[in-house]
Number of protein chains: 2
Amino acid sequence: MNVTRNHAETPRLPPVQVKISPTEKFREFLEAKGQRLTHERRIVVEEVYSSHEHFDSEQLINRLANRKDSNRVSRSTVYRTLSLLEEAGMLRKVARQNDRDVYEHDYGYPRHDHMICEKCGDLIEFPNDQIAELLERITREYGFRRTGHRLEVYGICRSCSRPPKSRIRKLDMI
Amino acid sequence: MNVTRNHAETPRLPPVQVKISPTEKFREFLEAKGQRLTHERRIVVEEVYSSHEHFDSEQLINRLANRKDSNRVSRSTVYRTLSLLEEAGMLRKVARQNDRDVYEHDYGYPRHDHMICEKCGDLIEFPNDQIAELLERITREYGFRRTGHRLEVYGICRSCSRPPKSRIRKLDMI
DNA sequence: CTAAGTGCAAATGTTTTGCAGAATC
DNA sequence: GATTCTGCAAAACATTTGCACTTAG
């Protein structure tokens with residue numbers, strides 16, 4: 001199961017234009033709560049936003065704990081900062097794999113949902129405007145004031161359902 | 001947060017006609033795997049299917065551990081049986097609340113998804129044929145062979161977003 | 001009879017927390 | 001200088017597992 005790998009067939013969604021950097025946005029959030037943008041928090045945010053890959057707490061902790069000198073951040077602080085980022089609306093949980101929540105950016109990136117391949121574990125993103133629209137219609141009937149959603153589609157991805165031929169090629173490359 | 005409460009506004013979906021009882025279906029599944037329908041497993045299935053409420057492992061364990069004499073089932077066995085029921089396609093996880101998976105029947109009941117009220121924690125069911133159809137169309141474009149999905153819609157339910165009137169009454173009662 | 005299952009207690013793995021010292025504003 | 005944070009070690013969780021005993025088929 002690989003959380004971060006990306007499919008050749010999966011085009012990257014185009015980035016969304018944002019006014020301020022993630023770090024700045026986080027600082028604003030913290031300030032409003034009377035909390036501080038510490039050295040450690042800044043490092044976590046920068047690491048989290050250094051790429052758009054999905055990640056779980058363990059992966060992030062490892063990346064941050066193995067750093068040199070003043071750039072390492074402890075396990076507890078990573079957990080604490082992840083909660084803050086979620087509260088700030090900058091991160092969201094999109095799935096659960098291996099008993100861990102999988103996070104992704106919820107800032108500077110278009111809204112989308114995920115297909116999850118049951119064979120290779122890959123998360124494949126797809127834009128969700130049509131779904132959001134449909135949900136808006138449905139929930140209105142129930143008097144439900146919708147604020148968001150989470151959708152995971154299960155199945156088998158394109159490359160995992162290919163004929164054996166490509167599987168052989170993959171083996172050759174090892 | 002209440003997992004099991006049901007809204008007055010939420011009509012129960014009509015049951016689906018099934019050929020055999022949950023217990024029988026489970027027995028067939030087990031037999032095919034060369035496993036046994038033990039007394040304990042039978043008790044768990046009967047308890048699980050005694051009502052259509054959503055539940056989590058802790059709630060089920062409590063109900064089963066507090067029984068008299070030969071009808072009690074241990075914590076481990078409940079967990080083990082829940083996994084089997086999921087594998088048998090009779091139960092599915094529909095949400096996660098308080099660090100626990102929330103289960104519901106996936107047998108003898110129409111396919112649906114859930115709205116989750118962020119105020120009272122209620123799970124409200126709604127039929128999902130339109131969504132399934134839309135997903136079928138979308139995933140086909142990606143060459144993704146869809147086998148299922150999980151959708152949680154977040155927001156505020158009808159009764160939690162009612163005008164202050166009821167809130168005042170509530171305060172008066174304190 | 002014998003393979004499979006149960007209950008218990010101990011282990012596991014993730015996440016949270018209390019606290020003393022450090023850093024921020 | 002007071003308040004907020006950090007890192008550590010310990011605690012708190014839900015869930016899984018090893019094992020001796022029991023049971024279904």
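Hydrogens, waters and symmetry mates are skipped; everything else that's a heavy atom, side chains included, is used.
Each of B/R100 and A/T77 lies near DNA chain D, and the nucleotide nearest A/T77 is the one positioned closer to the 5' end. With DNA chain D read from its 5' end, the first of the two nearest nucleotides for B/R75 and A/V78 is the one closest to A/V78. Projected onto DNA chain C by closest heavy-atom contact, B/D99 and B/L84 fall at different nucleotides, the more 5' of which corresponds to B/L84.
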Go through the steps to decide whether B/Y49 and B/H105 satisfy the test ring pair (Phe, Tyr, Trp, His ring centres under 6.0 Å), and finish with yes or no.
CA-CA 8 Å; B/Y49 280 89; B/H105 301 173; 4.2 Å; yes
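One side chain, B/T147 or A/E118, offers a donor N or O that lies under 3.5 Å from an acceptor on the other. For the residue pair B/Q59 / B/H54, no side-chain donor-acceptor distance below 3.5 Å is found, with atom types taken as modelled.
Atom pair B/D56:CG and D/dC13:P shows a separation of 15 Å (rounding to whole Å applied). Atom CD in B/E58 sits roughly 16 Å away from atom P in D/dA12 (whole-Å rounding). Here C/dG7 presents its C1' atom at 14 Å from CG of B/L64, a figure rounded to the nearest Å. Whole-Å rounding puts the B/L82 CG to C/dT6 P distance at 12 Å. Rounded to a whole Å, the NE2 atom of B/H39 is 14 Å from the C1' atom of C/dG5. Straight-line distance from the CG atom of A/N98 to the C1' atom of C/dT12: 15 Å, rounded to whole Å. Between B/R36 atom CZ and D/dA24 atom C1' the separation is 5 Å, expressed in whole Å. Across the protein-nucleic acid pair, B/Q35 atom CD and D/dT23 atom P stand 19 Å apart, rounded to whole Å.
With hydrogens and angles ignored, no donor-acceptor pair closer than 3.5 Å exists between the side chain of A/T38 and the base of D/dT4. Taking 3.5 Å as the limit, the base of C/dG7 and the side chain of B/R80 contain a donor-acceptor pair of atoms between them. On a pure distance criterion of 3.5 Å, a polar donor-acceptor pair joins the side chain of A/S76 and the base of C/dT17.
Which of D/dT15, C/dT15, D/dG7 sits closest to the side chain of A/E40 comes down to D/dG7. Checked against D/dT6, D/dT16, D/dA24, the side chain of B/Y79 finds its nearest nucleotide in D/dT16. Among the nucleotides C/dT14, C/dC8, D/dG7, the one closest to any side-chain atom of A/S74 is D/dG7.
Put simply, the side chain of A/T77 never gets that close to the backbone of A/V73: no donor and acceptor are under 3.5 Å apart.
A distance below 6.0 Å separates the ring centres of A/H52 and A/Y109.
Phosphate contact (OP1/OP2 of D/dC5, side-chain N/O of A/R41, threshold under 4.0 Å): present. Remark: A/R72 is not in phosphate contact with D/dG7, judged by side-chain N or O atoms under 4.0 Å from OP1 or OP2.
Contacts of B/R27 with the nucleic acid, taken as non-hydrogen atoms under 4.0 Å apart, are absent.
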